[in-house]
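Data block below; observations after.
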Amino acid sequence: MQQTLSIIKPDAVKKNVIGKIIDIFESNDLEINQMKKIKLSSENVAQFYAEHKNRPFFTNLKDYMTSGDVVIIVLEGENAIIKNRTLMGATNPKEAETGTIRQRFATDISQNAVHGSDSETSAKREIDFFFPKI
Ligand code: GDP
């Protein structure tokens, strides 16, 4: 069993498709281990996306990720990391395969409905970031 972190981003929360996205996870044998709906601060986003801090779209990313509530989910299942990335589709929804979450629900390349950890190392870091062990 493997765990990965998913975020349903503000554009998808505003479109009222949290349930539709969770249904895709559950229909593909990913279970919800932990989940919370919160509003991120700029500091949260700067820390979480530290690897992107010098990218030209970073200010845009911070404004977007703090523009409304997000749903943070720890998903669990066999090959959860790669499975979630496949279900999400490409970063740019124009390039995302038909039926993927981003093809169905993303607004554009910057407002693209979901985040998913891209490796075991990032999954561990991201899960600890939002659900620190007490
Ligand atoms: P992901 O792992 O597929 O989410 O993609 P990245 O880690 O490369 O990028 C993180 C997030 O930054 C993406 O999901 C988008 O919300 C945003 N982003 C990435 N590339 C671009 C871009 O070229 N322009 C804009 N405006 N936003 C981007």
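All ligand and atom numbering here is 1-based and tracks the order in the structure. The structure displayed is predicted, hence computed values, not measured ones.
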For ligand 1 and [X], I'd like to know whether there is a polar contact (N/O to N/O, distance under 3.5 Å).
X      : answer
Thr91  : yes
Gln111 : no
Tyr64  : no
His115 : no

Measure the distance from [atom] to every protein heavy atom, then report the residue, atom name and distance (to 0.1 Å) of the closest one.
atom                    : result
atom 2 (O) of ligand 1  : Arg85 NH1, 2.9 Å
atom 16 (O) of ligand 1 : Ser110 O, 2.8 Å
atom 22 (C) of ligand 1 : Phe57 CD2, 3.5 Å
atom 13 (C) of ligand 1 : Asn112 ND2, 3.6 Å
atom 6 (P) of ligand 1  : His52 NE2, 3.6 Å

Query - Asp11 and Thr107: side chain donor to acceptor below 3.5 Å - result: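 Asp11 vs Thr107: donor-acceptor pair found between side chains.
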
Is there side-chain contact between [X] and [Y], with at least one heavy-atom pair below 4.5 Å?
X      : Y      : value
Leu40  : Phe130 : yes
Leu87  : Leu30  : yes
Gln2   : Lys83  : no
Thr100 : Met88  : no

Query raised in the report: Within a radius of less than 6.0 Å around NZ of Lys36, do more than 12 heavy atoms belonging to other residues, nucleotides or ligands occur?
Result: yes

Query raised in the report: Should the heavy atoms of other residues, nucleotides or ligands under 6.0 Å from CD of Gln34 be counted, would the total exceed 12?
Result: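 Result for CD/Gln34: enclosed.
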
Query raised in the report: Atoms of ligand 1 less than 4.0 Å from Lys9 heavy atoms?
Result: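 Numbered from 1, ligand 1 contributes 13 (C), 14 (O), 16 (O).
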
Report task. Please find out if less than 6.0 Å separates the ring center of Phe48 from that of Phe129. Result -> yes

Requested in this report: Would you tell me which option among Asp11, Leu61, Asp118, Asn60 has the nearest heavy-atom contact to atom 11 (C) of ligand 1?
Outcome: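 Shortest heavy-atom distance from atom 11 (C) of ligand 1: Leu61.
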
Query - Heavy-atom nearest neighbour of atom 23 (O) of ligand 1 within options Asn92, Ile109, Val114 - result: Ile109

Requested in this report: First locate atom OG1 of Thr98, then atom CZ of Arg104, and finally report the distance between them rounded to the nearest 0.5 Å.
Outcome: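 Between atom OG1 of Thr98 and atom CZ of Arg104 there are 11.0 Å.
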
Query - Mode of Arg102 contact toward ligand 1 - side chain, backbone, both, neither (heavy atoms, under 4.0 Å) - result: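 The side chain, only.
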
